Amino acid sequence: MNLRESSAVDLQNQWIDTRWLRRFVWIAFAWRMLISSLTVVPGRDAVNYLWMSERFLDGDSASALGEVFPPGWSLLMAPFVSLAQWIGLEAFRGAQLANAILGALSVWPILRCAERFGPSVLRLIGWLLVFAPLSVKFGAEALSEPSAQLFLGLGLWAGLGGRSLAAGLFTAVAFAIRPEALALGLALTLARPKAAPWLLLPSALVVVALGYWRQSCGYGFEPIPKFGFHDRYDLGAFTGESIDWSLLANNVWRLPFLFVEALQGLGVLALCGVYLGFRRRRVRVPITALLFASVAICGFIAKRRFFVPWLPAVVVLATYALRRLPATWRLAIFTPAMIFSVLAGLDPQPDDRWAERTVGRHLGSLLEPGQTVTGDQTRVVYFAGCRPLPPRHYDADEIVGWARDESVQFVVLTHYGRTESISERVREDLNGEFTTLPMPEDVRSAAEWRRLIILRRIEKDIEEDAAEPDDR
């Protein structure tokens, strides 16, 4: 039995209908909005996306494209950011709404993909998908995962249905959000080599368009700036010129643990699906897509977050595995996985993160034109109205170097854990140039709760005047 015939047999036995799909979408939207209401600030990288979106809305594409992230997610959220600003909300709330809508909509194509592989278990899989904890959490933090998840789901749905051009177009949009999305196009091409032009040409056009767009804004022809960013700061296992074999080996070792941590019950079932369907032609596409994506993740920085956009392939494999279990086993696996997903979703950001907004807005109110904020707290910098910091860790020498720019008026430092030694070194090196900023009681309490240190530049003319004797 070939792929088309076996899919047709499954579809004859499917139970899911449009009414149930709509219910899942609405439940997913409501749950994402609830978790968004409990999430107080954007994710660390999310402030870069938000800043990019605001620059696009201001017509300043050159500044937006100066960031290391692809522009897809920032462009998608821009109408929602504009709406939020129009009604008096901050950009973050608009991005949360965008992610809630996109994340909920992704349920539809993902379940349509899964119904080809196990229609009898789709209700169980649907509930796990709706409440997938990290997909919901990262959406509430305004990160790019839900938007990439939607277009990868649409691309996989189209690809499995033989609609090659649509699959190529959706993959190209996903590529503009997260470049590793190209793994889906490659996997579909291996399954249907004759459709390669339709599957890969849209992504190729997007690569060229992004490269020329950046070049027109004064940058080099660099369609994937994050690749060069990793190369400059030696952040990944593959730097473009050499391979850090020890880091690569460590990434490979951590990969299955990160996969399960990111996807929980669905991830465990997906691994079972890989084992059961490794030799089956019909599940070759999701397996190959995950394999290519894993290679890309291992080649750079292995993080659990990078697996979340691949929920479409994961859900297909989880469905394939779950349908092969007896009905009693299915419930035994589903029940704890579902309970854990709900409880994990109800455990969002720590409450002390709101302090970063409070401190940032206070510093922003003190800034004069041309002045800025630096340090190691990129969200504080963003809420102060300044360009967020580069998405990486910083050492004391870098922070001191930034602080000595005459435009820097305040330095914000985190003082706990591994950052204590860095903050102490920065304070020591900036002694005589910066001093502790006196703040109102509510702002000071917020900073202490979050364990932040805020320094202000010492005004030289004031210090000199204070040092001069009074001759009157």
Side-chain angles (χ1 to χ4, degrees), residues 34-48 50-51 54 84-85 88-96 137 140-143 346-368 371-389 391 393-394 396 398-400 402-403 407-459 462-463:
L34 172 63
I35 301 305
S36 293
S37 71
L38 302 175
T39 304
V40 293
V41 293
R44 183 178 176 87
D45 290 352
V47 293
N48 297 83
L50 287 164
W51 188 84
E54 291 165 345
Q85 293 173 337
L89 299 176
E90 61 184 33
F92 172 46
R93 299 305 179 186
Q96 286 183 313
K137 175 182 177 181
E141 291 187 349
L143 291 164
L346 288 171
D347 183 27
Q349 287 178 338
D351 291 340
D352 65 352
R353 298 298 190 270
W354 68 263
E356 298 175 27
R357 176 191 281 106
T358 301
V359 172
R361 287 181 171 172
H362 176 68
L363 296 182
S365 69
L366 301 178
L367 291 175
E368 297 180 2
Q371 294 181 341
T372 187
V373 181
T374 193
D376 64 2
Q377 268 289 340
T378 190
R379 286 181 288 218
V380 174
V381 172
Y382 169 76
F383 282 115
C386 304
R387 180 173 185 164
L389 303 170
H393 296 297
Y394 329 105
E398 284 183 302
I399 298 173
V400 169
W402 295 336
S407 66
V408 173
Q409 186 69 13
F410 303 106
V411 179
V412 182
L413 303 170
T414 314
H415 191 67
Y416 62 88
R418 66 172 186 81
T419 62
E420 287 190 16
S421 60
I422 294 176
S423 63
E424 290 296 336
R425 165 80 186 284
V426 171
R427 295 178 71 182
E428 180 181 343
D429 287 358
L430 294 179
N431 186 32
E433 301 174 61
F434 285 79
T435 187
T436 303
L437 173 71
M439 295 176 288
E441 178 61 26
D442 59 332
V443 181
R444 184 182 63 79
S445 297
E448 290 178 352
W449 189 25
R450 187 71 178 96
R451 302 180 72 176
L452 301 177
I453 296 172
I454 297 92
L455 307 177
R456 69 168 177 86
R457 184 178 293 277
I458 298 174
E459 300 294 341
I462 295 177
E463 294 296 321

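Source: prediction; values computed, not measured. Just so you know, these numbers use all the heavy atoms, side chains as well, and skip hydrogens, waters and symmetry mates.
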*With a 4.5 Å heavy-atom cut-off, do V412 and L455 have their side chains touching?*
no
_For the backbone of V40 and the side chain of R357, can you confirm whether one donor and one acceptor N or O come within less than 3.5 Å of each other?_
yes
*asked:* Under the rule for side chain to side chain contact (heavy atoms under 4.5 Å, CB included), what residues qualify as partners of E448, not counting sequence neighbours?
replied: R444
*Taking S445 for the side chain and D442 for the main chain, is one N or O donor matched with an acceptor at less than 3.5 Å?*
no
*Which atom pair, heavy atoms only, marks the closest approach of A446 to A355?*
O-CB, 3.2 Å
*What heavy-atom pair brings C386 and W51 nearest, and what distance separates the two atoms?*
O-CD1, 4.0 Å
*Between the side chain of R427 and the main-chain N/O of T436, is any donor-acceptor distance below 3.5 Å?*
no
*asked:* For a quick check under 3.5 Å, do E141 and T39 share a side-chain donor-acceptor pair by atom type?
replied: no
_Under 3.5 Å: donor-acceptor pair, side chain of Q96, backbone of A140_ = yes
*Taking it one step at a time, do R457 and V408 satisfy side chain to side chain contact (heavy atoms under 4.5 Å, CB included)?*
CA-CA 8 Å; R457 184 178 293 277; V408 173; 4.1 Å; yes
*Mind checking the CZ-CZ spacing from R456 to F410? Nearest 0.5 Å is all I need.*
8.0 Å
_Contact check, side chains of V426 and I453, non-hydrogen atoms, under 4.5 Å_ = no
*With the side chain counted from C-beta on, respond yes when R450 and V359 share a heavy-atom pair under 4.5 Å apart, and no when they do not.*
no
*asked:* Distance check, rounded to the nearest 0.5 Å: L143 atom CG versus K137 atom NZ?
replied: 9.5 Å
_Point-to-point distance, once rounded to the nearest 0.5 Å, from CG of L413 to OG1 of T374_ = 9.0 Å
_Please check this pair: side chain of E433 against backbone of L430, looking for a donor-acceptor N/O pair closer than 3.5 Å._
no
*For Y394 against G375, the heavy-atom pair lying closest together*: CD1-O, 4.1 Å
*Could you tell me whether the side chain of D376 and the main chain of H393 form a donor-acceptor pair under 3.5 Å?*
no
*Verify side chain to side chain contact (heavy atoms under 4.5 Å, CB included) between F92 and R379, making sure each step is shown before the conclusion.*
CA-CA 11 Å; F92 172 46; R379 286 181 288 218; over 6 Å; no
*Rounded distance [0.5 Å steps], CG in L452 versus CE in M439*: 8.5 Å
_Under 3.5 Å: donor-acceptor pair, side chain of Q409, backbone of L367_ = no
_Please give me the minimum heavy-atom distance between H415 and S423, naming the atom from each residue._
ND1-OG, 2.6 Å
*Hey, could you give me the CD/CZ distance between E54 and R387, rounded to the nearest 0.5 Å?*
13.0 Å
*For the side chain of Q377 and the backbone of E356, is there at least one donor-acceptor N/O pair under 3.5 Å apart?*
no
_Separation between CG of N48 and OH of Y382, rounded to the nearest 0.5 Å_ = 10.0 Å
*Would you confirm whether R44, through its side chain, and T378, through its main-chain N or O, come within 3.5 Å as a donor-acceptor pair?*
no
_W354 side chain to D351 backbone, donor-acceptor under 3.5 Å_ = yes
